Amino acid sequence: MMGTPLHHGRLTELDALRGVGALCVLLFHYSTRFHELFPQAAHVPFSFIGGNYRVLLFFTISGFAIFFTLDRIRTVADFVVNRFARLYPAYLVAMLLTLSIEYLAQATQLLIGPVAILANFTMLQGFAFLPEVDGAYWTLTVEIAFYFCMIAIWKFIGLRRLEPVLAVWLLLRWLYWFWPDMPERLIMLLVLRYTPFFVIGMLAYRLWKGQRSLKQQAPYALLALASIATMETWDVTVMGCVLVALYVALIHGYLRFISIRPLVWLGGISYSFYLIHQHVGFVIMLECAKAGYSPWIGFATAFTVALTLGTTIHYLVERPVGEAILRWWKRRREGRAPLDKAAASRT
């Protein structure tokens, strides 16, 4: 028996979680990661605990949010255009801006070679094992592989009986565990390092949407946690349990208290903010350190600049250009519909 839909309009708690994740990413990069890369530079006297877990939250959100696209597409081309419009315009501008700032500041430790730069224009540099313009872009390789897996499931299997497919996906992850020499590109393409976290988000969406009950989803959630527990360290296992509990609380309305405007707004611009914050922030903190300013001033300046640039890219590029691409695609698709119908009638 299906569950009752538990949602009421837009799930602002999800945007707020994105905002929390964005703050965690920034704190980790501007404290821990900056000190790792530039130990000689003055830095803020703290290291953000749990910074390595922030991407796991993002992956669960991606698993949840992928259905916002899959539930309204009609073709594979619809999906590809939707994802391109969502990701690429902001990515291109952020990448070019990051490169420009790195070259102007002569931040040689952050620069990459011309071949790698050209590969970054495709967003597929990770699959060629080439470095990213900004280290934060590594998660885009994971996301693109996840999109490939999901559109393949949508096209060739369907989403009606998704949970058994997810179980097989988790079992494949154990194959990766037992086969240490599995080709790296296959591991990347099947997202085997992060499968359970995407699965947690997908299970949560189906519960939130009323397509499945908590009782029906529980065995698959336990299978995802078992996959984490047998292949990851104890702290990642704890994080997996926390994420499952977090989504149960979110679905039942217990996280409404986090839907405060600043977090929801930050969640809205989080993609552009994520793309621009790391290396640009590093350059600013290095320049502030060279000028003799307090590391706290460098930290605050980097945060302010990253937030300003992220907001600008979101409102001037990510949203308007993405929406323009989708409008163009809709017009093109609607224009082709009469032609396709006429061709079908002649046959």
Side-chain angles (χ1 to χ4, degrees), residues 21-59 90-91 93-121 123 125-143 184 188 193-194 233 235-236 239 270-310 313:
L23 286 176
C24 289
V25 166
L26 182 137
L27 288 172
F28 173 73
H29 285 156
Y30 285 9
S31 60
T32 308
R33 188 64 178 148
F34 179 75
H35 183 47
E36 289 172 353
L37 290 176
F38 307 100
Q40 77 285 356
H43 57 90
V44 289
F46 75 90
S47 181
F48 181 66
I49 299 174
N52 289 329
Y53 309 136
R54 81 276 181 206
V55 294
L56 306 181
L57 171 61
F58 281 139
F59 291 155
Y91 168 83
V93 171
M95 182 187 70
L96 292 174
L97 188 56
T98 299
L99 274 173
S100 301
I101 291 171
E102 288 174 348
Y103 273 97
L104 285 173
Q106 298 182 341
T108 55
Q109 190 169 339
L110 298 175
L111 292 171
I112 60 177
V115 174
I117 290 173
L118 289 175
N120 272 253
F121 278 93
M123 292 186 76
Q125 63 276 358
F127 297 103
F129 306 120
L130 291 170
E132 295 87 3
V133 166
D134 188 305
Y137 297 171
W138 74 268
T139 58
L140 296 177
T141 300
V142 179
E143 293 284 346
E184 180 62 26
M188 294 169 66
R193 288 192 175 89
Y194 304 103
T233 55
D235 54 320
V236 177
M239 184 61 183
S270 60
Y271 176 60
S272 293
F273 177 68
Y274 176 81
L275 291 173
I276 201 65
H277 83 281
Q278 184 174 222
H279 281 197
V280 170
F282 288 171
V283 168
I284 291 170
M285 289 191 288
L286 284 172
E287 293 301 314
C288 286
K290 287 179 186 176
Y293 292 113
S294 161
W296 287 107
I297 293 177
F299 184 97
T301 304
F303 176 81
T304 302
V305 171
L307 192 62
T308 302
L309 290 176
I313 294 171

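These numbers come from a predicted model, not from an experiment.
Sequence neighbours left out, the pairs with a member in residues 280-303 that pass salt bridge (Lys or Arg N to Asp or Glu O under 4.0 Å) are E287-K290. Among pairs with a residue in residues 24-38, those fulfilling salt bridge (Lys or Arg N to Asp or Glu O under 4.0 Å) read R33-E36, at least two apart in sequence or across chains. Residue pairs meeting the salt bridge (Lys or Arg N to Asp or Glu O under 4.0 Å) criterion with at least one partner in residues 127-140, sequence neighbours excluded, are absent. Residue pairs that meet the side-chain hydrogen bond (donor to acceptor under 3.5 Å, both in side chains) test with at least one member in residues 37-49, sequence neighbours left out, are T32-S47, H35-H43. Note on residues 102-119: no pairs pass salt bridge (Lys or Arg N to Asp or Glu O under 4.0 Å), not counting sequence neighbours.
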Subject >> side-chain contact (heavy atoms from CB on, under 4.5 Å) between F273 and I313, worked out >> reply: CA-CA 8 Å; F273 177 68; I313 294 171; over 6 Å; no
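The shortest distance between side-chain heavy atoms of Y53 and D235 falls below 4.5 Å.
For F282 and F34, the ring centers sit closer than 6.0 Å to each other. F303 has its ring centre no less than 6.0 Å from the ring centre of F299.
Atom OH of Y271 sits about 9.0 Å away from atom CD of E143, to the nearest 0.5 Å. How far CZ of F48 is from CG of L23: 8.5 Å, rounded to the nearest 0.5 Å. Here T141 contributes atom OG1 and L130 contributes atom CG; the two are 10.5 Å apart, rounded to the nearest 0.5 Å. With values rounded to the nearest 0.5 angstrom, L97 atom CG is found 4.0 Å from I276 atom CD1. Interatomic distance, L110 CG to L37 CG, rounded to the nearest 0.5 Å: 7.0 Å. One finds the CD atom of Q106 at 9.5 Å from the CG atom of L111 (value rounded to the nearest 0.5 Å).
Nearest heavy-atom pair, A94 versus L275, reported as atom, atom and distance to 0.1 Å: CB-CB, 3.7 Å. Minimum interatomic distance between M188 and G126 (heavy atoms only, all atoms of both residues): CE-O, 3.2 Å. Of all the heavy atoms in A302 and M285, the pair that sits closest is CB-CG, 3.8 Å. Closest approach of V55 to W138, counting heavy atoms only: CG1-CZ2, 3.8 Å. Contact between A136 and H29 at its shortest, heavy atoms only, is CB-CE1, 4.4 Å. In terms of heavy-atom proximity, N120 sits nearest to Q125 at CA-OE1, 3.2 Å.
For the residue pair Y293/T301, the side-chain donor-acceptor check at 3.5 Å is not satisfied.
Among V283, I284, L96, the single residue meeting the side chain to side chain contact (heavy atoms under 4.5 Å, CB included) criterion with I101 is V283.
In this structure, the ring-ring contact (aromatic ring centres under 6.0 Å, His included) partners of Y137, at least two apart in sequence or on a different chain, are Y91.
Ring-plane geometry between W296 and F46 is classed as parallel, the angle between the planes falling under 30 degrees on a 0 to 90 degree scale with a further cut at 60.
Within the 3.5 Å criterion, the main-chain N or O of V44 finds no donor-acceptor partner in the side chain of Y30. Remark: side-chain polar atoms of S270 are not paired, donor with acceptor, to backbone N or O of A22 under 3.5 angstrom.
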